[in-house]
Amino acid sequence: MCKYFNDIDPLLVLEELRVTCVEKGYIPLPLKEIIESIKKDGNSLFQPREKRGEWAKGLNLKDIAESKAEVLYYPGCNYSYGSKLQKIPQLTTKILTKAGVDFGILGDKEMCCGTFALQVGDRRSFTALADTNINIFHRLGVKKIITSCPICYSTFKVDYKRYRGETKFEVLHSTEFLEQLFKKGVLKLNKKVPLVATYHDPCHLGRLSEPYKEWKGKRVKYGRYDPPTKELRQGTYGIYEAPRTLLNNIKGLKLVEMERNKEYSFCCGAGGGVKYTFPDFSLATACERIEEAVATGAEALVTSCPWCESNFEKVMQQDSQKIKLYSLLDLVNRAL
Amino acid sequence: MALARNVYKELKSVLGSKNISENIGVLQAYSKQPFPPGLLGRKRPDAVVLPESIGDVQAVVKLANRYKFAYIPIGNYNWDVPRQDNTVIIDLKKMNKIIEIDEKNMHAVVEPGVTHAQLQAECMKRGLVCNSTWGGSPCSVLANTIFFGVGGLSYRFGLNRVLLSMEWVLPTGEIIKTGSLATDGAGYFWPSGPGPDLRGLIRGFFGVSGGLGVVTKIGVKLMPWPGPASFPVTGVAPNFETRFPTDRFCFHLIRYPSLTELIDAMYVIGEAEIGVVLQRFPSSWFQWASARSKEEFWKGWESGYLQKSAENVIAVWLVGFSSKRQLEYEEKVLQHIIKKTGGEDIPPSDRLYKMMDPAFVGDWFLCGNSGRIMRPAGTHMIAMVALDSIDHAVKVTGRADEIRKDFDFMDDDKDDWVCTYDFGWQGDAECLILPEQNEDDMRKAMELAISGLKASLHDKTYTVLQIPDTHPILGPVYGNYHQLLKKIKKALDPENVANPPNPIRVDETQEG
């Protein structure tokens with residue numbers, strides 16, 4: 001959206017349009033099948049429920065359902081199942097353990113956050129998933145959730161609040177938490193990682209993650225709000241600095257910005273169900289973003305979202321690229 | 001109503017399936033127009049095409065002549081929407097290349113899809129700058145330059161003076177090259193010859209909205225840029241800050257005891273040929289230009305602060321284009337003028353000055369600093385315009401106050417916009433109203449504009465609404481120009497397919 005002139009939030013309009021379509025029975029077949037997968041196996045990737053916790057095998061992590069912990073580490077669907085991506089929750093939990101954080105995981109009891117259902121307009125399935133998750137988190141006495149997935153992050157932080165009101169837990173993305181550890185001096189980035197890198201802001205960690213404040217009212221003359229207390233969510237307060245602080249403090253790493261960054265970041269093409277319904281468009285979008293990254297002269301394209309990473313990787317497999325893809329956490333780990 | 005199947009098929013075979021659409025959602029998006037009169041009687045186009053080259057444009061135009069469908073070329077914004085069936089939008093967004101930036105001779109060559117932001121960013125890297133447009137930085141350089149060519153910097157860079165040679169597909173599909181471009185290898189640097197100089201024809205006063213074909217490339221003049229290689233902006237939207245080097249840029253707000261003294265000062269500043277911006281704003285402008293949302297605008301406006309503090313204030317921006325000494329010289333001259341004319345140089349610590357600086361002073365180089373006029377209501381309309389001298393502009397604003405009294409719009413803003421171009425040689429008043437975006441208000445706004453038009457004719461002042469429907473009213477007052485315009489349209493567009501009824505209605509039975 002235009003962030004300076006418009007006083008509407010087009011995403012909400014699109015959301016309502018999709019909800020109306022789904023309620024009338026219009027939903028693209030691939031999306032319907034994914035929703036079924038979420039309902040049946042608790043994930044959007046058609047994977048068996050019992051394999052969700054396999055990423056943690058041998059790590060000796062606390063099962064939060066068995067033994068109490070105030071902090072829940074929640075990797076999300078993609079990091080739990082993606083064979084190449086599983087190293088991210090493994091590294092994150094290693095850092096959390098080393099930092100002395102008392103945390104637990106849900107393992108195969110973890111459920112999809114439900115974002116996919118919401119994004120494609122299946123509000124009923126989303127709210128059912130939200131209720132299930134909120135009940136689990138509250139029942140287990142979770143005070144803080146740390147997640148590696150930006151989509152789970154914005155869903156817990158923003159969408160649960162939009163649809164289910166205040167919750168009793170705080171939500172942090174792993175980059176935020178790592179930044180806190182770094183600022184406290186607990187996380188020490190001592191090793192050199194000589195690299196020119198550019199950072200891709202994932203939509204859900206950036207513009208879509210800014211806090212949500214409830215407003216109820218109506219639009220009146222000139223499109224004004226009554227009462228006039230509505231705050232526009234334009235992405236101003238998304239998470240932009242935490243990943244940059246970490247990257248800028250890795251010795252030897254030079255961060256260069258892409259033309260479209262932070263609240264203006266260009267989507268990777270994977271979100272909103274586009275990957276499944278318009279795969280060509282999704283990859284073309286990823287391709288455009290990679291070209292933008294290459295144009296900065298960077299050797300490394302860094303991101304902190306498994307969905308962005310998967311989509312970029314797919315394009316990079318098809319075409320030989322002049323840039324290498326890194327997860328932010330991977331670089332942090334190299335610097336430890 | 002859809003295009004005939006054989007026509008659609010031919011267009012598709014010329015442009016490829018990815019460059020044509022008749023999807024209803026796409027067509028609806030191309031029928032958007034926030035301003036009256038376009039908001040009234042608008043229709044969806046029957047198809048949208050996206051040419052990638054002049055060859056594509058020429059082919060579409062020739063098919064339009066053969067099959068008698070109308071077309072509307074657009075740059076980066078729908079200035080015009082279909083008002084009749086059987087119309088195709090030619091969206092030129094894919095022709096978005098900056099063909100050349102000639103640093104030595106200070107000009108650029110651009111296609112229609114090139115935006116001001118795009119060109120400005122490239123120019124700044126090279127120590128150059130292009131004129132900004134009041135339409136905003138996402139607007140097409142080409143469309144704005146051949147339309148009206150006015151922007152926030154026109155006080156120094158001139159009104160409509162940056163257009164050079166053109167490559168132009170005439171309504172019949174023939175290609176014409178103007179100015180120096182007509183000579184092989186000469187390029188776009190000179191508009192007046194040896195080829196025809198048709199700037200007056202394509203610009204008219206208020207553009208022809210594609211009514212005389214499609215311009216596919218133009219040369220534009222560039223000016224020197226003494227600032228940094230990229231626009232010095234920091235912050236996350238909408239909390240931007242812009243900081244310019246103080247040894248080259250200096251902004252002033254000057255308050256006068258009365259309008260008479262203010263106008264006198266504008267003349268003196270213009271005569272001294274200093275500054276890059278010299279304007280008197282509506283009081284509400286300070287709020288709409290600085291507010292970050294509609295609610296912030298109204299909250300600020302309704303506090304009543306600006307109604308008291310922003311009356312009779314002019315803005316002057318001094319820029320040392322060639323050297324620091326130029327800025328020092330202009331600063332001395334301005335201080336002398338302020339003293340001589342009885343003005344008060346508002347200090348940077350003042351609340352009003354702080355509203356201007358630092359977030360949007362620099363916008364003059366980005367978007368001409370008027371796009372946020374849409375902030376209060378999502379639309380606006382200009383009840384009366386005056387483009388003549390500064391005195392004439394002021395006279396018209398007085399008349400506009402009388403007319404606006406009858407309409408329930410934003411009536412506590414007593415000032416109007418008085419801009420100057422060409423170092424004060426031209427004065428432009430824009431008398432604003434804020435209708436709601438509904439049919440009832442749009443009709444009222446049109447009635448008000450017509451009242452303004454009648455008043456202008458009565459007072460023999462400059463007239464607004466130079467649109468197809470008013471040419472027959474205005475023509476007899478201005479030497480029957482409408483008859484000449486009609487002859488031009490008939491000669492160049494015998495099939496009347498180039499965005500009819502622009503620039504003038506030739507077929508009285510035509511819708512619109």
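Proteins come first, then strands; the chains are lettered A, B, ... in the order of their sequence lines, and each starts at number 1. Values below: every heavy atom of this structure, side chains too, minus hydrogens, waters and symmetry copies.
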Neighbour count >12 (heavy atoms, 6.0 Å) for atom [atom1], [X]:
{"X": "Gln180(A)", "atom1": "CD", "value": "yes"}
{"X": "Tyr276(A)", "atom1": "OH", "value": "yes"}
{"X": "Tyr237(A)", "atom1": "OH", "value": "no"}
{"X": "Lys94(B)", "atom1": "NZ", "value": "yes"}

- prompt: Would you find a donor on one side and an acceptor on the other, under 3.5 Å apart, between the side chain of Tyr240(A) and the backbone of Val236(B)?
  reply: no
query: Checking Lys230(A) side chain against Glu295(B) main chain: does a donor-acceptor pair fall under 3.5 Å?
result: no
statement: Rounding to 0.5 Å, atoms CG (Leu434(B)) and NZ (Lys221(A)) come to a distance of 9.0 Å
- prompt: Measuring from Arg224(A):CZ to Glu436(B):CD, what's the distance to the nearest 0.5 Å?
  reply: 10.5 Å
- prompt: If every non-hydrogen atom of Tyr222(A) is compared with every non-hydrogen atom of Ala377(B), which pair is closest and at what distance?
  reply: CD2-CB, 3.3 Å
